[in-house]
Chemist: 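First the structure, then my questions, so here it is.
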Amino acid sequence: MINGIKLAPSIISADFSRLCDQLQECERAGADNIHIDVMDGRFVPSISIGLPVVEAIRRSTGLVLDIHLMVEEPEKQAAPFIDAGGDIINVHVEAATQLHRIIEEVHRREKRAGVCVNPETPVGAVEQVLPEVDQVMVMAVNPGASGQRFIESALPKVARLRRLIDEGGFRAEIEVDGGVSTETAPRCAAAGANVLVAASAIFNEHASPAENIERLRASLASVDHPA
């Protein structure tokens with residue numbers, strides 16, 4: 001953590017043939033969370049990973065596992081991914097028809113509950129659950145693929161959430177997922193984000209995950225975080 005900002009490498013861009021080694025490298029480099037995208041081919045076009053991979057990741061690292069459920073009927077998936085080792089369970093407001101029930105179930109299992117908003121979804125869609133959740137994830141790309149361009153409209157959404165959370169005295173952290181880089185990371189943090197998810201900015205052919213984590217941290221060193 002630097003300046004109160006957590007970094008969460010997203011394994012969607014990792015080399016799965018060396019996943020354990022890359023996870024351990026991220027942990028040694030000071031990553032705070034590991035972000036795991038679970039995609040079902042229905043809520044988003046892609047299909048990613050399931051429970052066995054999360055179980056293997058849990059055995060490979062002691063870091064917080066930040067599970068991002070990009071799935072239809074997330075109320076059926078929250079408990080299984082907690083059992084697999086998830087620490088934070090994030091569900092999309094666009095998919096959750098029983099959002100309060102999911103939040104209650106996650107908390108009953110003594111884990112952290114998060115809610116996600118797609119780029120076109122207004123902040124008002126999650127305003128009523130802000131007192132209940134532990135995290136709000138603002139998507140800065142359309143969910144489903146790594147390497148997309150950062151959507152600028154995410155920043156005013158982050159800033160509005162920061163005001164609402166601070167004014168209400170709520171505990172929720174604000175996470176930004178998508179397009180996070182050395183250029184956009186400081187802007188997200190300055191707007192009020194606490195947690196930054198980075199995929200291709202950390203896992204790429206240009207440098208090691210540890211070197212890329214250090215670059216992201218350096219970009220955040222002078223940020224005057226409003227949280």
Side-chain angles (χ1 to χ4, degrees), residues 7-20 22-23 26 31 33-58 60-61 63-97 99 102 106 113-121 125-126 135-154 157 175-181 184-185 188 195-206 209 212:
L7 289 182
S10 171
I11 66 164
I12 193 67
S13 293
D15 180 349
F16 272 64
S17 70
R18 300 189 299 117
L19 184 57
C20 179
Q22 290 196 331
L23 289 171
C26 288
N33 302 344
I34 295 295
H35 188 82
I36 302 175
D37 288 316
V38 178
M39 299 182 278
D40 65 355
R42 296 171 60 205
F43 182 70
V44 293
S46 302
I47 296 174
S48 60
I49 64 172
L51 296 167
V53 176
V54 176
E55 291 168 352
I57 292 170
R58 178 74 289 163
S60 301
T61 180
L63 292 178
V64 169
L65 299 190
D66 185 31
I67 308 294
H68 182 185
L69 294 179
M70 288 181 272
V71 301
E72 296 285 353
E73 299 181 300
E75 61 274 4
K76 296 181 179 179
Q77 300 299 330
F81 278 94
I82 289 173
D83 291 339
D87 297 298
I88 309 172
I89 304 297
N90 303 281
V91 301
H92 274 263
V93 67
E94 301 88 0
T97 58
L99 184 56
I102 297 171
V106 172
V115 62
C116 318
V117 290
N118 279 342
E120 70 278 8
T121 302
V126 297
Q135 181 167 278
V136 182
M137 184 191 304
V138 175
M139 296 300 299
V141 298
N142 290 303
S146 176
Q148 299 179 62
R149 182 184 296 273
F150 184 85
I151 296 175
E152 292 290 330
S153 59
K157 289 170 75 171
E175 181 174 65
V176 175
D177 182 6
V180 171
S181 65
T184 59
C188 293
V195 186
L196 302 178
V197 176
S200 57
I202 289 179
F203 299 107
N204 58 51
E205 70 277 10
H206 305 299
N212 288 324

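These values consider heavy atoms only, across backbone and side chains, with no hydrogens, waters or symmetry-generated copies.
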Chemist: To the nearest 0.5 Å, tell me how far Leu196 CG sits from Ile202 CD1.
Modeler: 9.5 Å
Chemist: Nearest 0.5 Å please: distance from the OG1 atom of Thr61 over to the CD atom of Gln22.
Modeler: 13.0 Å
Chemist: Please work out whether the ring planes of His68 and His92 are parallel, tilted or perpendicular, with thresholds of 30° and 60°.
Modeler: parallel
Chemist: Give the minimum heavy-atom separation between Val38 and Ile49, together with the two atoms involved.
Modeler: CG1-O, 3.6 Å
Chemist: Checking Lys157 side chain against Val117 main chain: does a donor-acceptor pair fall under 3.5 Å?
Modeler: no
Chemist: Does any part of the side chain of Met70, heavy atoms only, come nearer than 4.5 Å to the side chain of Asp40, both counted from C-beta?
Modeler: no
Chemist: Just by distance, no angles: are the side chains of Ser13 and Asn204 close enough, under 3.5 Å, to form a donor-acceptor pair?
Modeler: no
Chemist: Roughly how far, to the nearest 0.5 Å, is the CZ atom of Arg18 from the CZ atom of Phe203?
Modeler: 10.0 Å
Chemist: With Val54, which of Ile82, Ile34, Ile67 fulfils side chain to side chain contact (heavy atoms under 4.5 Å, CB included)?
Modeler: Ile67
Chemist: Once you round to the nearest 0.5 Å, how far does CG of Asn118 lie from CZ of Phe43?
Modeler: 4.5 Å
Chemist: Gln135 and Asn90: side-chain donor and acceptor closer than 3.5 Å?
Modeler: yes
Chemist: Would you indicate whether the side-chain heavy atoms of Ser200 and Ser10 approach each other to under 4.5 Å?
Modeler: no
Chemist: Do Ile36 and Asp66 touch side chain to side chain, with heavy atoms closer than 4.5 Å?
Modeler: no
Chemist: Under the side-chain contact (heavy atoms from CB on, under 4.5 Å) rule, collect the residues that match up with Ala140, sequence neighbours excluded.
Modeler: Phe150, Ala154, Val176
Chemist: For the residue pair Asn212 and Pro209, establish whether any side-chain heavy-atom pair is separated by less than 4.5 Å.
Modeler: no
Chemist: What pair of heavy atoms forms the shortest contact from Met39 to Ser48, and how long is it?
Modeler: N-OG, 2.8 Å
Chemist: Any idea which heavy atoms bring Pro74 and Ala95 closest together, and the distance?
Modeler: CD-O, 3.6 Å
Chemist: Counting C-beta onward and ignoring hydrogens, is there a side-chain heavy-atom pair between Asp87 and Arg58 closer than 4.5 Å?
Modeler: yes
Chemist: Going from CD on Glu120 to OG on Ser153, what distance comes out if it is rounded to the nearest 0.5 angstrom?
Modeler: 9.5 Å
Chemist: Quick one, Val91 and Glu75 - any side-chain contact, counting heavy atoms below 4.5 Å?
Modeler: no
Chemist: Give me the atom names and distance for the closest heavy-atom approach of Asp15 to Ser17.
Modeler: OD1-OG, 2.6 Å
Chemist: Identify the heavy atoms of Gly179 and Val141 that sit nearest to each other, and give their distance.
Modeler: N-CG1, 3.8 Å
Chemist: Grab the two heavy atoms, one from Ala199 and one from Ile12, that are nearest each other, plus how far apart they are.
Modeler: CB-CG2, 3.6 Å
Chemist: Are His35 and Ile11 side-chain neighbours, meaning at least one heavy-atom pair lies under 4.5 Å?
Modeler: no
Chemist: I'd like to check Val64 versus Ile88 (side-chain heavy atoms, cut-off strictly below 4.5 Å). Are they in contact?
Modeler: yes
Chemist: Any sub-3.5 Å donor-acceptor pair from Asp177's side-chain atoms to Val197's backbone N or O?
Modeler: no
Chemist: Distance from Glu55 atom CD to Ser60 atom OG, nearest 0.5 Å?
Modeler: 11.5 Å
